[in-house]
Amino acid sequence: MKIATWNINGIKARNDVLLRWFDEAAPDVACLQEIKTVDEGFPSDVFEAKGYNVVVHGQKSFNGVAVLSKLPLEDVRRGLPGDDSDVQSRYLEVVVSTPDTSVARIACIYLPNGNPIATEKFPYKLSWMERLERHATELLELEEPLLLTGDYNVIPEHEDCTSPEAWADDALFQPESRSAFKRLKNLGFLDAVRACEPAHHTYTFWDYQAGAWQKNNGIRIDHLLLSSQAADKLITAGIDKHTRSWERPSDHVPVWVELDA
DNA sequence: ATGGTTGGTAGCCAA
C-alpha cells in the first residue's frame, strides 16, 4: 500500500499537475495540504470518478487539508484537539479500513509555518506542536499502525538544508521548532524518509524564488512519521522530485511510503 | 545579492 503526502499549494492552480501525478503514481492514499479552498471548492467528484474516497477539511484562501483513499475511510477527525479557539484547517485524521479490518490510522498535517518569528505566528506554531505531541501520545496508546504525515514546516537537522546559516532566523529551523519535532519523533516514531533515503541533499521543498530549484537549494520539511506497528510494515519510502520540474509546479513535491499492508 | 516568485483574492497576506 502506497501512502503519500503532498503540499500542493492551491488546488485550483494545481488541478492538472495533481491529476498527472495521480495517473503516474497511483497512490492508495494521498494526504494533501494547502488546498486553499472551502470543502465545496475541492474537485471531489473528479477523484471519486477515479475510485477514491475523499474527505476534505477546507478553509477559504488559506490552509486546508484533504485525504483521498482507494479504501474506505472511517473515524474521520477534523481539526487538532486541544484548542477550540483555533479556526485554522490544518489537521485531518482518518482510519483506512477494509470491510474486515482497519489497516492504518493516518493524520494529514499542515503544521504552521511560524514566520516571522517575532510575531504571534511563532508561538502559535510552538503551541500547535505541543498539541500535536499530546494528541500523538494518546494515539500511540492505541498500539496500531499510525502515520503522522504532512508538511511539518520543520527542518529537522543541518543536513536537511544546503546552508543552515541561511535559515538561522527562520521559524522552520529555530531550536524550539527542531526540539519539538525531535520530542514528537522520540515518542516512538520512525522518520521514514530519513530511514530510506540518503541523509544529504534529500529535499522535499524548493522555494519559487531566487532560482532555488535550479541551484538545488532545497529543504526537507515534508515528513512521514511511522509508529512501530507501521514501521514493521515499511518496505520503502521515496520522493517524487521530478514533479518540481513540471509546468506550474507546487513548491513541494510528493513524498511517500510503501507499506506491506 | 536581506533579493526573489507564486497563489488566492481583489488589499495585500501567506509562504
Side-chain angles (χ1 to χ4, degrees), chain A residues 5-21 31-44 46 56-66 80 86-92 108-129 132 149-156 160-174 176-178 180-181 203-223 239-255:
Chain A
T5 178
W6 194 7
N7 180 324
I8 57 173
N9 190 15
I11 182 60
K12 291 166 188 169
R14 217 64 66 214
N15 224 331
D16 293 348
V17 160
L18 186 60
L19 286 169
R20 179 177 174 185
W21 175 75
C31 298
L32 306 178
Q33 300 89 35
E34 270 203 284
I35 62 171
K36 292 185 172 181
T37 181
V38 294
D39 293 8
E40 297 74 27
F42 192 85
S44 299
V46 172
V56 182
H57 182 41
Q59 182 178 339
K60 186 183 179 184
S61 306
F62 307 116
N63 310 318
V65 286
L80 181 65
D86 184 359
V87 297
Q88 300 191 29
S89 298
R90 298 179 172 276
Y91 184 92
L92 180 56
C108 176
I109 292 166
Y110 178 46
L111 205 145
N113 176 293
N115 282 307
I117 56 176
T119 68
E120 75 290 345
K121 289 169 184 291
F122 188 53
Y124 172 66
K125 175 184 192 138
L126 296 180
S127 67
W128 206 95
M129 295 186 81
L132 180 60
T149 182
D151 176 3
Y152 277 77
N153 272 314
V154 175
I155 303 167
D160 295 315
C161 60
T162 48
S163 52
E165 58 277 11
W167 295 93
D169 297 324
D170 197 288
L172 279 60
F173 199 58
Q174 288 306 291
E176 296 95 330
S177 309
R178 295 174 56 208
F181 181 80
Y203 307 130
T204 66
F205 168 96
W206 295 260
D207 202 292
Y208 289 123
Q209 304 179 80
W213 167 246
Q214 289 75 10
K215 296 183 222 168
N216 195 25
N217 182 18
I219 51 177
R220 191 174 75 93
I221 57 174
D222 300 273
H223 307 300
I239 300 173
D240 288 345
K241 182 177 177 177
H242 62 286
T243 63
R244 187 63 178 78
S245 66
W246 287 355
E247 195 176 345
R248 285 196 91 189
S250 171
D251 39 7
H252 298 249
V253 298
V255 183

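Treat the numbers as computed from the prediction; the structure is a model and nothing was measured. Per chain, numbering begins at 1; letters A, B, ... match sequence-line order.
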**Request:** Go along nucleotides 6-15 of chain B 5' to 3' and tag each nucleotide: B for a protein heavy atom under 4.0 Å from its base, S when only backbone or sugar atoms are that close, - otherwise.
**Result:** SBSS----SS

**Asked** Relative to the ring of A:F181, is the ring of A:H223 parallel (under 30°), tilted (30 to 60°) or perpendicular (over 60°)?
**Response** tilted

**Message:** Tell me whether the count of non-hydrogen atoms from other residues, nucleotides or ligands lying under 6.0 Å of CG in A:N216 goes above 12.
**Reply:** yes

**Request:** Evaluate whether atom CD of A:E165 has more than 12 neighbouring non-hydrogen atoms of other residues, nucleotides or ligands under 6.0 angstrom away.
**Result:** yes

**Spacing of the P atoms in B:dC12 and B:dT2 (rounded, Å)** = 26 Å

**Request:** Could you work out the separation of B:dA14 and B:dA10 based on their C1' atoms and round it to a whole Å?
**Result:** 15 Å

**Message:** Looking at A:E34 and A:N9, would you say the former's side chain and the latter's main chain have a donor-acceptor pair under 3.5 Å?
**Reply:** no

**Request:** Measure centre to centre between the rings of A:W21 and A:W6, then say whether the value is under 6.0 Å.
**Result:** yes

**Request:** Using the C1' atoms only, state how far B:dA1 lies from B:dG11, rounded to an integer number of Å.
**Result:** 29 Å

**Fill in**
Whole-Å distance, A:E165 CD to B:dA1 P, equals 12 Å

**Message:** Taking only the C1' atom of each, what is the distance from B:dC13 to B:dT9 in whole angstrom?
**Reply:** 10 Å

**Request:** Whole angstrom is fine here: how far is it from CH2 in A:W167 over to C1' in B:dT2?
**Result:** 14 Å

**Prompt:** Just checking, any donor-acceptor pair under 3.5 angstrom between side chains of A:N63 and A:S89?
**Reply:** no

